[in-house]
Student: 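Got a structure for you, written out below as structure tokens; questions coming shortly.
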Amino acid sequence: MKDRKLLNIELGRVSAEEYRELPPSGLVVVLDNIRSAHNVGSAFRTSDSFKIDKVCLCGICAVPPSAEIHKSALGAEDSVPWQHWDDTMDAVMSLREEGYTIVAVEQTVNSQKLDAFVPEEGGRYALVFGNEVDGVRQDVVDAADFALEIPQWGTKHSLNVSVSVGVILWHLRSQM
């Protein structure tokens, strides 16, 4: 049996305005000092794909408008609401006050494995993804409600931050 790729007009894409009117997902992406604007753009594009409520850009993260962000975001920086914070801890504390559970996506002594994690029904989660070299800042890990780790079986035990965003968001959205 032959299969045919769908045309772009057959994908049922919503406009940026329609995106903002969709029901909230209960998920926020927090980028903790991400160095690469391309990684920031990829996080925007993936956040759009999974209908994430907001992206928090913290510290040294590039912010829109940016040609480098746009190159990988493909316009998702215009559909996904975003906010810049000078310090990640300020974003985390604000999100906690809004009722979000703070989740550090990091390998820690007590981190939960992603494949064993089931989000609470109606739960709201702020997912903190860390810097490409240093990961999530230790004080942010300390402030988190828990850490979530992507199980890995190879030698590197490290994923690009944009890949981690995709893996985590797919898992959570498929469970919610």
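The basis for the numbers below is simple: all heavy atoms, side chains too, and nothing from hydrogens, waters or symmetry mates. All residue numbers refer to positions in the sequence shown, counting from 1.
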Student: With clusters defined by side-chain heavy atoms of hydrophobic residues (ILVMFWY) lying less than 4.5 Å apart, directly or transitively, does Val30 cluster with Val63?
Tutor: no

Student: For Leu22, I'd like to know if atom CG has over 12 heavy atoms of other residues, nucleotides or ligands within 6.0 Å.
Tutor: yes

Student: Quick test of your reading of the model: are Asp134 and Arg35 salt-bridged, counting only N-O distances below 4.0 Å?
Tutor: no

Student: How many angstroms lie between atom SG of Cys61 and atom CH2 of Trp82, to the nearest 0.5 angstrom?
Tutor: 11.0 Å

Student: Salt-bridge test for Lys5 and Glu10: reply yes if a basic N is under 4.0 Å from a carboxylate O, no otherwise.
Tutor: no

Student: Check whether Ile150 and Leu169 end up in the same hydrophobic cluster, where Ile, Leu, Val, Met, Phe, Trp and Tyr are linked by side-chain heavy atoms less than 4.5 Å apart.
Tutor: yes

Student: Heavy atoms, side chains only, cut-off 4.5 Å: are Glu149 and Gln112 in contact?
Tutor: no

Student: Kindly compute the distance separating CG (Leu57) from OG (Ser66), expressed to the nearest 0.5 Å.
Tutor: 10.5 Å

Student: If hydrophobic clusters are built by linking Ile, Leu, Val, Met, Phe, Trp and Tyr wherever their side-chain heavy atoms come under 4.5 Å apart, do Leu31 and Val92 end up in the same one?
Tutor: no

Student: Do the side chain of Asp145 and the main chain of Ile102 share a donor and acceptor less than 3.5 angstrom apart?
Tutor: yes

Student: Give the intermediate values and the outcome of side chain to side chain donor-acceptor pair (under 3.5 Å) for residues Asn160 and Ser162.
Tutor: CA-CA 5 Å; Asn160 179 279; Ser162 67; 2.6 Å; yes

Student: Between Glu132 and Ser36, does the side-chain contact (heavy atoms from CB on, under 4.5 Å) criterion hold? Intermediate values first, please.
Tutor: CA-CA 8 Å; Glu132 295 91 337; Ser36 166; 3.5 Å; yes

Student: For Glu77 and His70, run side chain to side chain donor-acceptor pair (under 3.5 Å): C-alpha distance rounded to whole Å, both residues' side-chain angles, the deciding distance at 0.1 Å, then the answer.
Tutor: CA-CA 7 Å; Glu77 72 276 26; His70 185 74; 2.7 Å; yes

Student: Identify the two heavy atoms, one from Ala37 and one from Ser72, that lie closest to each other, and give their separation to 0.1 Å.
Tutor: O-OG, 4.3 Å

Student: For Asp90, is there any backbone N or O sitting under 3.5 Å from a side-chain donor or acceptor partner on Ser94?
Tutor: no

Student: Hey, could you give me the OG/NZ distance between Ser25 and Lys54, rounded to the nearest 0.5 Å?
Tutor: 12.0 Å

Student: Once you round to the nearest 0.5 Å, how far does SG of Cys56 lie from CH2 of Trp85?
Tutor: 7.0 Å

Student: Please find the pair of heavy atoms, one from Asn8 and one from Arg13, that lie closest to each other, and give the distance.
Tutor: OD1-NH2, 3.6 Å

Student: I'd like to know if the side chain of His84 and the backbone of Gly59 have a donor-acceptor N/O pair within less than 3.5 Å.
Tutor: yes

Student: Looking at every non-hydrogen atom in both residues, tell me the closest pair between Met89 and Ala143 and how far apart they are.
Tutor: SD-CB, 3.8 Å

Student: Check for a donor-acceptor pair, side chain of Arg173 on one end and backbone N or O of Phe50 on the other, with a separation under 3.5 Å.
Tutor: yes

Student: How about CD on Glu120, more than 12 heavy atoms from neighbouring residues, nucleotides or ligands closer than 6.0 Å, or not?
Tutor: no

Student: Can any side-chain N or O of Asp53 pair as donor or acceptor with the backbone N or O of Gly26 at less than 3.5 Å?
Tutor: yes

Student: Looking at Glu98, I want to see if its CD is surrounded by more than 12 non-hydrogen atoms of other residues, nucleotides or ligands under 6.0 Å.
Tutor: yes

Student: Before you tell me yes or no, could you show the steps for Arg4 and Leu7 under side-chain contact (heavy atoms from CB on, under 4.5 Å), namely the whole-Å CA-CA distance, both residues' side-chain angles and the distance that decides it to 0.1 Å?
Tutor: CA-CA 9 Å; Arg4 177 182 67 81; Leu7 302 172; 4.1 Å; yes

Student: To the nearest 0.5 Å, how far apart are CG in Asp78 and CD in Glu17?
Tutor: 9.5 Å

Student: Between Glu106 and Val141, what is the shortest heavy-atom contact and its length?
Tutor: CG-CG2, 4.3 Å

Student: Apply side-chain contact (heavy atoms from CB on, under 4.5 Å) to Leu127 and Leu27, showing your working.
Tutor: CA-CA 7 Å; Leu127 306 159; Leu27 298 174; 4.3 Å; yes

Student: Do the charged groups of Arg137 and Asp139 touch, with an N to O distance under 4.0 Å?
Tutor: yes

Student: Show the nearest heavy-atom pair for residues Ala62 and Val40, with the distance to one decimal.
Tutor: O-CG1, 3.8 Å

Student: Could you list all the ring-ring contact (aromatic ring centres under 6.0 Å, His included) pairs where at least one residue sits in residues 99-126, not counting sequence neighbours?
Tutor: Phe117-Tyr125, Phe117-Phe146

Student: Are Ile34 and Val103 grouped together when hydrophobic residues (ILVMFWY) are joined by side-chain heavy atoms under 4.5 angstrom apart?
Tutor: yes

Student: With no hydrogens and no angle check, is any side-chain donor or acceptor of Asp32 less than 3.5 Å from a backbone partner on Val136?
Tutor: no

Student: Check whether any side-chain N or O of Gln152 sits under 3.5 Å from a backbone N or O of Ser158 as a donor-acceptor pair, and report yes or no.
Tutor: yes

Student: Could you tell me the separation between the OG1 atom of Thr88 and the CG atom of Asn131, rounded to the nearest 0.5 Å?
Tutor: 9.5 Å

Student: Can you tell me if Ser47 uses its side chain to pair, donor with acceptor, with the backbone of Ala43 under 3.5 Å?
Tutor: yes

Student: Does one hydrophobic cluster hold both Phe44 and Tyr19, with members joined at side-chain heavy-atom distances below 4.5 Å?
Tutor: yes

Student: For atom CG of Asp115, decide whether the heavy atoms of other residues, nucleotides or ligands shown that lie under 6.0 angstrom number more than 12.
Tutor: yes

Student: Say whether, by atom type as modelled, one donor and one acceptor occur between the side chain of Glu97 and the main chain of Leu95 under 3.5 angstrom.
Tutor: no

Student: Looking at Met176 and Pro119, what are the two nearest heavy atoms and their distance?
Tutor: CG-CG, 3.8 Å

Student: Output yes when a side-chain donor or acceptor of Ser42 lies under 3.5 Å from a complementary backbone atom of His38, and no otherwise.
Tutor: yes

